[in-house]
Colleague: 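Below is the structure I would like to discuss, written out as structure tokens.
Throughout, a chain's letter reflects where its sequence line sits, starting with A, and its residues are numbered from 1. None of these values were measured; they are calculated from a predicted model. Note: hydrogens, waters and symmetry copies are ignored here, and every other heavy atom, side chains too, is used.
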Protein chains: 2
Amino acid sequence: MTSARTPHETAREIPEATVARLPVYLRALSTLADSGTTTCSSEALAQAAGVNSAKLRKDLSYLGSYGTRGVGYDVDYLRYQIAREIGVTQDWPVVIVGIGNLGHALANFSGFRSRGFRVVALLDADPRRQAEVVAGVDVRPFDHLEAIVAEHGVAIGVIATPAAAAQDVADRMVEAGITSILNFAPTVLSVGEGVDVRKVDLSIELQILAYHEQRKNGALGEEDAS
Amino acid sequence: MTSARTPHETAREIPEATVARLPVYLRALSTLADSGTTTCSSEALAQAAGVNSAKLRKDLSYLGSYGTRGVGYDVDYLRYQIAREIGVTQDWPVVIVGIGNLGHALANFSGFRSRGFRVVALLDADPRRQAEVVAGVDVRPFDHLEAIVAEHGVAIGVIATPAAAAQDVADRMVEAGITSILNFAPTVLSVGEGVDVRKVDLSIELQILAYHEQRKNGALGEEDAS
DNA sequence: TAGATTGTTAATCGATTAACAATC
DNA sequence: TAGATTGTTAATCGATTAACAATC
């Protein structure tokens, strides 16, 4: 290291592209651990994660020096270090709003609990849905949002409503104190400073694939046919 | 333009970051059109899309010159040009494999059809699911994959199976002739050259939010407490 | 010591942004 | 013509990658 960290400095900034890959490494390490592997090289881990080893080593270098030259990485140790860096060693209460088909799928998603995320409430504005119990949690009125956020200290909200309702839901979430939103509704959300929004958009992903697919088919769609 | 395109050149390369934003612009234009707007400036469109106007103009410049200086863009005209560039003016038959909670949600997703994507088959390996009809399409055995791909000329496949099955499904898809895969299973897929894979991963998105959330909470998680 | 593999450097590449000339 | 807004330039920033010295 070229410069020692001073006590008052916050931990080194990790580039956004690296942050987005850390969960991938974490999953690859878990898979390796499950298969009984205790040590791995950057080459082996990179392959499991689907990246090249130079990128992996560069990414890990932002966290610290957790490997051993000539040997590799201890799977469990590295796994813990990455988990701690991401923050998934702690418990994250989550609220899901909009319990339609997608909300059901999300509520039942097992990867939630296994990574420190705990669904504390399922909310829906439709009274007909409020009778249901999904994945062992009962669906409650959307109006309970503020009380639930306050009670459980919820910081992360998931929006699985139709597009038309999403902005209102986001506004209410932010007002209630939520500062991170995962949005599945196909609409751009506007939120204030300090609130993070990530978007998952099926339609956009398909369109990106379609674009590349169209290119693959050579001159088929070309307008300059001679 | 500095250099004229020669007849044999394929159309200008569009940067990947731009390709990923074109569907966002397309949606924003559709929203504007629905609200009766016929002309808009780069500033207005950029705001609707959630980007800054310099980036928008730069992105559009890769497609051509579709605006009018001093005036702005014709909403319908620009919408058509972007749709054509992405490839959503044509019809894209799609197969979904894995009809659990998520598969149900995907099959019912309305944004599919509205953008030129047509679900031609729902496949599942579990015979108990093969009795079902979802969104007007009946669930068929996974073994029918090859026949369906051949019959409809399917180029795009969606994987909504558990992680353990995903690689096998991908292999079968590629062998059947599918060259674009949208993967919802939380696993890294390995596919040959020429096959595009995009990944949608709820758990990773949540972990990225958790990382930033942890930072917001100031020194709470710091190890260097004095 | 010899072989292996990390952590880091430096070069390259791609994306973003502000500014403004071109032009409606 | 005067005002508005595009399309493009060029500077800056961030991400990727190969190469290799450090070191187990």
Colleague: Under 4.0 Å between a side-chain N/O of A:Tyr62 and OP1 or OP2 of D:dG14, yes or no?
Modeller: no
Colleague: On the nucleotide C:dT5, are OP1 or OP2 found under 4.0 Å from the side-chain N or O atoms that A:Ser42 carries?
Modeller: no
Colleague: It should be established whether A:Tyr73 places a side-chain nitrogen or oxygen under 4.0 Å from OP1 or OP2 of nucleotide C:dG7.
Modeller: yes
Colleague: Any donor-acceptor pair under 3.5 Å linking the side-chain atoms of B:Thr18 with those of B:Asp59?
Modeller: yes
Colleague: Quick check on contacts: within residues 18-39 of chain A, what sits under 4.0 Å from DNA chain D by heavy-atom distance?
Modeller: A:Arg21
Colleague: Does A:Gln81 CD have over 12 foreign heavy atoms under 6.0 Å away?
Modeller: yes
Colleague: How would you summarise protein contacts on nucleotides 17-24 of chain D per nucleotide, using B for base, S for sugar-phosphate only and - for none, with heavy-atom distances below 4.0 Å?
Modeller: BBB-BBBB
Colleague: For A:Asp168 and A:Arg172, indicate whether the former's side chain and the latter's backbone hold a donor-acceptor pair under 3.5 Å.
Modeller: no
Colleague: Between B:Arg198 and A:Glu213, is the closest basic N to carboxylate O distance under 4.0 Å?
Modeller: no
Colleague: Nearest-Å distance, CG (A:Leu56) to C1' (C:dT5)?
Modeller: 12 Å
Colleague: Using salt bridge (Lys or Arg N to Asp or Glu O under 4.0 Å) as the criterion, point out the one residue from A:Glu16, A:Glu13, A:Glu85 that pairs with B:Arg215.
Modeller: A:Glu85
Colleague: Say you draw a straight line from CG of A:Leu56 to OG of A:Ser42; how long is it, rounded to the nearest 0.5 Å?
Modeller: 6.0 Å
Colleague: Could you tell me if the ring centre of B:Tyr66 sits under 6.0 Å from that of B:Tyr77?
Modeller: yes
Colleague: When the distance from CG of B:Leu45 to P of D:dT5 is rounded to whole Å, what number comes out?
Modeller: 14 Å
Colleague: Quick one: stems for DNA chain C, with Watson-Crick or G-U pairs under 3.5 Å, at least three in a row?
Modeller: C:3-24 with D:3-24
Colleague: Determine, for A:Asp201 against B:Arg27, whether the closest basic-nitrogen to carboxylate-oxygen distance falls under 4.0 angstrom.
Modeller: yes
Colleague: Across the strands shown, which category fits B:Glu16 at heavy-atom distances under 4.0 angstrom: base, sugar-phosphate, nothing?
Modeller: sugar-phosphate
Colleague: What is the distance from OH of A:Tyr66 to P of C:dG7, rounded to the nearest Å?
Modeller: 11 Å
Colleague: Check the distance between C:dT8's P and A:Asp59's CG and give it to me in whole angstrom.
Modeller: 13 Å
Colleague: Within a radius of less than 6.0 Å around CD of B:Glu146, do more than 12 heavy atoms belonging to other residues, nucleotides or ligands occur?
Modeller: yes
Colleague: Would you say B:Leu78 and B:Leu63 make side-chain contact, with heavy atoms under 4.5 Å?
Modeller: no
Colleague: With a 4.0 Å cut-off, would you call A:Lys216 and B:Asp196 a salt bridge?
Modeller: yes
Colleague: Measure from CD on B:Glu13 to C1' on C:dA15 and round the result to the nearest Å.
Modeller: 15 Å
Colleague: Could you check how far CG of A:Leu63 sits from P of C:dT8, rounded to whole Å?
Modeller: 12 Å
